[in-house]
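In what follows, a single structure is set out as structure tokens and then discussed.
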Amino acid sequence: MSIRAYLVRLVMRLVMRQIHKENGLEPAALRLAIDKRARRGGWPEGGKVEEVSANGVKAFWVDAENADPNRVFYYLHGGGYIFGAPDTTHKDLLWRLSKASGARVLAIDYRLAPEAPFPAAVDDAIAAYNWLLEQGYRSEAIAIGGDSAGGGLTFGTLLRMRDERIPLPSCAVGLSPWTDLAGTGETVITNLQSDLIIPGDRLVETGEHYLQGQDPELPYASPLYGNHVGLPPTLIQVGEPEVLLDDSRRLAAKLKRAGVPVALEIWKGMPHVFPLLARFMPEGKRAIEIIGTFVQGHLADEADPALIADLRGEAAAAE
């Protein structure tokens, strides 16, 4: 572990203890406290950001200077389904992912719980993905990924895409994905003291804000319990001290048994979704470089040129 990572861990422990002490797990208060801190910094320089409506879902295009306009990394942010947004908690990560992958990033601001319980987030993820296809992007030119709850949402969305016969993205990336809202992983208990961010003893309670009485083993909510046959090649990164370590390990094992090419990286000493901290930690930067290489290796070269031309012609005719 680098010295910077060690120092960041110390600061994170103090900050997260203070946030939980002041706000507990009450969604509105937690959302306000975290978003207030996250809004202090602007979008990184050296790129372009555009807010759009993707079939009624608020979303952001994030383009680093080297982003290929025909390739897309479709991203679903984390935050326990109760907080977080592309333009607050994830600004730096989204820009870095665009730069590393050489693709545009489309990040959606899906509806949050408890105001919008399951399956609202999955509905939004499907709607925005269909919008991408409607814009002329081939599924082969799209990667999908997410962190924490957004990681679970990534795989739940993939299961529903497959079941509804929607063309699947070329590959998937999960950063510390929350795949089991029932909280049955062994590390929920064994890593209770080592996880700096997630209170494992209240994990199920947090999930209940999203489920609101629904079965925590529903595959679209907890993709660990799904049938994973036919899902795209997958990269999973997770920190060794995390309570969600077993959510990643068990999902990777099930993907492998289903015949899905999967790479599981367990990073020693790294906190939950450590690529979010790439500004401060070399390990975060390296993890994003690996993600970028993985995504680049799976994306097709371009979108459907005929459909793009048709869409541009329709837009010109409307002007």
Side-chain angles (χ1 to χ4, degrees), residues 54-55 57 59 71-78 81 101 103 105-108 110-111 118-182 210-211 214-237 247-264 291 294-295 297-300 303-304 307:
N55 277 339
V57 180
R71 294 181 167 198
V72 178
F73 193 165
Y74 180 47
Y75 198 81
L76 307 172
H77 72 81
Y81 295 108
S101 65
V105 169
L106 183 74
I108 67 169
Y110 58 85
R111 288 170 291 168
F118 174 80
V122 184
D123 291 341
D124 288 354
I126 292 288
Y129 181 79
N130 282 331
W131 178 83
L132 274 176
L133 299 179
E134 292 161 7
Q135 302 310 298
Y137 290 100
R138 290 189 296 152
S139 60
E140 296 92 344
I142 304 172
I144 189 171
D147 62 274
S148 195
L153 180 57
T154 292
F155 295 104
T157 299
L158 284 169
L159 291 175
R160 182 164 154 189
M161 286 178 185
R162 183 205 57 201
D163 293 347
E164 296 183 359
R165 301 185 182 279
I166 299 170
L168 294 178
S170 64
C171 62
V173 177
L175 308 181
S176 306
W178 187 16
T179 66
D180 177 15
L181 272 62
Y210 180 51
L211 293 169
Q214 299 178 81
D215 185 353
E217 295 185 8
L218 288 170
Y220 297 165
S222 294
L224 179 67
Y225 299 98
N227 173 357
H228 305 94
V229 172
L231 296 194
T234 296
L235 169 66
I236 299 174
Q237 294 178 336
D247 282 43
S248 290
R249 290 197 296 209
R250 291 182 294 163
L251 177 64
K254 288 195 170 185
L255 287 168
K256 186 175 181 179
R257 287 198 294 271
V260 177
V262 58
L264 172 64
I291 294 168
F294 175 80
V295 169
H298 288 88
L299 288 181
D304 184 339
L307 185 50

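Ile236 and Ser248 make their closest contact through CG2-OG, 3.5 Å (heavy atoms, listed as atom of the first residue, atom of the second, distance). Nearest approach of Pro233 to Ser170, heavy atoms of both residues: CD-O, 3.4 Å. The shortest non-hydrogen separation linking Pro232 to Pro169 is CB-O, 3.4 Å. Across every non-hydrogen atom of Phe73 and Gly145, the tightest pair is CE2-N, 3.6 Å. In plain terms, the two heavy atoms of Ala59 and Ala54 that are nearest each other are CB-CB, 4.3 Å. Nearest heavy-atom pair, Ala258 versus Val229, reported as atom, atom and distance to 0.1 Å: CB-N, 3.7 Å.
With sequence neighbours excluded, no residue satisfies salt bridge (Lys or Arg N to Asp or Glu O under 4.0 Å) with Asp147. Residues passing the side-chain contact (heavy atoms from CB on, under 4.5 Å) test with Asp163 are Tyr220, sequence neighbours excluded. Remark: Tyr225 engages no residue in a ring pair (Phe, Tyr, Trp, His ring centres under 6.0 Å) (not counting sequence neighbours). Residues passing the salt bridge (Lys or Arg N to Asp or Glu O under 4.0 Å) test with Arg162, sequence neighbours excluded: none. Pro167 meets the side-chain contact (heavy atoms from CB on, under 4.5 Å) test with Leu133, Ser139; sequence neighbours excluded. Legend: residues meeting side chain to side chain donor-acceptor pair (under 3.5 Å) with Thr157, ordered by chain and number and at least two apart, are absent. Annotation: ring pair (Phe, Tyr, Trp, His ring centres under 6.0 Å) contacts of His228 (sequence neighbours excluded): none. Shown here are the side chain to side chain donor-acceptor pair (under 3.5 Å) partners of Ser148, two or more places apart in sequence or in another chain: His272. Applying the side-chain contact (heavy atoms from CB on, under 4.5 Å) criterion to Ala149, with sequence neighbours excluded, gives Tyr81, Trp178. When the ring pair (Phe, Tyr, Trp, His ring centres under 6.0 Å) test is applied to Phe118, the partners found at least two apart in sequence or on another chain are Tyr210. With sequence neighbours left out, the side-chain contact (heavy atoms from CB on, under 4.5 Å) criterion links Pro223 to Phe155, Leu159, Thr179.
The distance from the NZ atom of Lys254 to the CG atom of Leu231 is 12.5 Å, given to the nearest 0.5 Å. Expressed to the nearest 0.5 Å, how far CZ of Arg249 lies from CG of Leu224 amounts to 12.5 Å.
By the 4.5 Å heavy-atom criterion applied to side chains, Tyr74 and Ile108 are counted as neighbours. Side-chain contact between Glu134 and Asn55 is present, with at least one heavy-atom pair separated by less than 4.5 Å. A 4.5 Å side-chain heavy-atom check between Leu175 and Ile291 finds at least one atom pair inside the cut-off. Counting heavy atoms from C-beta outward, Cys171 and Leu235 have side chains that stay 4.5 Å or more apart.
Note: His298 and Phe294 have tilted aromatic rings, judged against thresholds of 30 and 60 degrees for the angle between ring planes.
The salt bridge (charged side-chain N to carboxylate O under 4.0 Å, His left out) contacts involving residues 119-130 comprise Arg111-Asp124, Asp123-Arg160, where partners must be two or more places apart or lie in separate chains.
Each of Leu158, Ile144, Ile142 was checked for a side chain to side chain contact (heavy atoms under 4.5 Å, CB included) with Leu168, and the lone residue meeting it is Leu158.
With hydrogens and angles ignored, the 3.5 Å screen pairs a side-chain donor or acceptor of Tyr110 with a backbone N or O of His77. Side chain of Ser176 to backbone of Gly174: no donor-acceptor contact under 3.5 angstrom is found. The backbone N or O of Asp247 sits nowhere less than 3.5 Å from a side-chain atom of Asp180 that would complete a donor-acceptor pair.
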